[in-house]
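To start, the structure itself, in structure tokens.
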Amino acid sequence: MSAGTAVRGAALGAVAVALGVLYYAVDPARSAWMPRCPLKWMTGLECPGCGSQRAVHALLHGDIAAAWHANALLVALLPAIAAGIWLELRRESHPRLYARVHSPLAIIAAGAVIAVWGVARNL
Amino acid sequence: MTRIIIMTGADRRRAEEISHLFEGGNRVEVLGILAEGSVIPEGTEWVVYDNAADTEMPEGVRAVRLAPDRTPPESAADILAAIRGAEAEADPDTAWARTLGVNRAERPVPPPVPRGESAVSGAGLKQGEGGRTQCGTPGQIQGQTPGQIPGGTPAGEPAGIPAVPGSREEPMPPTYLVWSVVMTVLCCMPAGVVAIVFSSLVSSRYYTGDTEGSRRASRMAEIWIIISFVAGVITGTLYLPMLLAGVI
């Protein structure tokens, strides 16, 4: 691993840890500091990511039920995201597996799941 | 050998003179002299009109009209020049091949290039890309041989990093799909959606063999993920101050 990659990894890790601490300590539902989704604020509609802050807060406190209630898609996607990051880190050594998993169909399916969720949660 | 038909009107004499001009030559074979309106026989490449009305050409047959003022044409070279001129206009490749003495029809067609492979130096491209990827680095790739891949390569998964440039399939550029999805759900939906669209372009272009387009889409996906992150940070930081200032 070169210095550049290490620095990048360390920076990403630091940001992730800082956000983790922040969202553990602060309850987005009660704090005025936490931004509300502009879409929800303006239209009242929930976007696919609405509730993610509350969901992360709940997850960090081990409350999966509350997280599911806040944003079910985020909770449902967690295993897939974890697997995706695992594969992302092995892109160089497993290029064929990477290319197969990242087929056009898979990416369109991922986009479709998010879109359907965004529509369905507002019905 | 260009096979021609001379199509003539009522006066056959001039057509016969033209035909004689080619006798003994090795560049033009006169298949025959036909009256105007006749059916063009198979194997004809060119129809030379001599004072005849235009006839509908079968597919693959081309036509050239001789200047009516020359009676009779001075030489076969004149007619040949007319044919070659029309030929160059219609099909420059074949004309060039003839000029260079190459038989274009018999030239072997190279086998189709397998998808994903590229004649461009694989190592060089990946070196340029390595600086931008999450987990790859220029130094790491350059000095690598298949045996030295960190973490090894499982038996079922052939190593895809080319030891010799172009010797293997070019790996897919990073699609950043995971980060696009994370950004869409966690951070800033509009920019995240744009990133997902570019992720899908990376993949679809890669599978259609457009590796350069795929790399461009990969770069755009990365840029939009950064835009999404920055937008999220700005929104998060300025939310309360703007709220207090009454802006929103």
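Side chains are part of it too, since the values below use all heavy atoms of this structure and drop only hydrogens, waters and symmetry mates. Order of the sequence lines fixes the chain letters, A, B, ..., with proteins taken first and strands second; residue numbering starts at 1 for each chain.
Environment of CD1 in A/Ile64: sparse, with no more than 12 heavy atoms of neighbouring residues, nucleotides or ligands closer than 6.0 Å.
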Subject >> Evaluation steps, side-chain contact (heavy atoms from CB on, under 4.5 Å), between B/Ile5 and B/Val61 >> reply: CA-CA 10 Å; B/Ile5 284 289; B/Val61 180; over 6 Å; no

**OP:** Kindly indicate, with the supporting measurements, whether the criterion side-chain contact (heavy atoms from CB on, under 4.5 Å) is fulfilled by B/Trp224 and B/Val193.
**Re:** CA-CA 9 Å; B/Trp224 277 97; B/Val193 167; over 6 Å; no

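Using non-hydrogen atoms only and a strict 4.5 Å limit, the part of residues 108-117 of chain A facing chain B consists of A/Ala110, A/Gly111, A/Ile114.
The salt bridge (Lys or Arg N to Asp or Glu O under 4.0 Å) check on B/Glu29 picks up nothing, with sequence neighbours excluded.
Taking the six-membered ring wherever Trp is involved, the centroid distance between the rings of A/His61 and A/Tyr24 falls below 6.0 Å. Taking the centre of each ring, A/Tyr98 and A/His94 stay at or above the 6.0 Å mark.
Using a 3.5 Å distance cut-off with no hydrogens or angles, the side chains of B/Thr175 and A/His102 do pair a donor with an acceptor.
When heavy atoms are compared at a cutoff of 4.5 Å, A/Leu77 approaches chain B solely by way of its side chain, counted from C-beta outward. Contacts between A/Ile81 and chain B at a heavy-atom distance below 4.5 Å involve backbone atoms as well as side-chain atoms.
Ranked by heavy-atom pairs shorter than 4.5 Å toward chain B, the options A/Gly49, A/Cys50, A/Ala99, A/Ala80 are led by A/Ala99.
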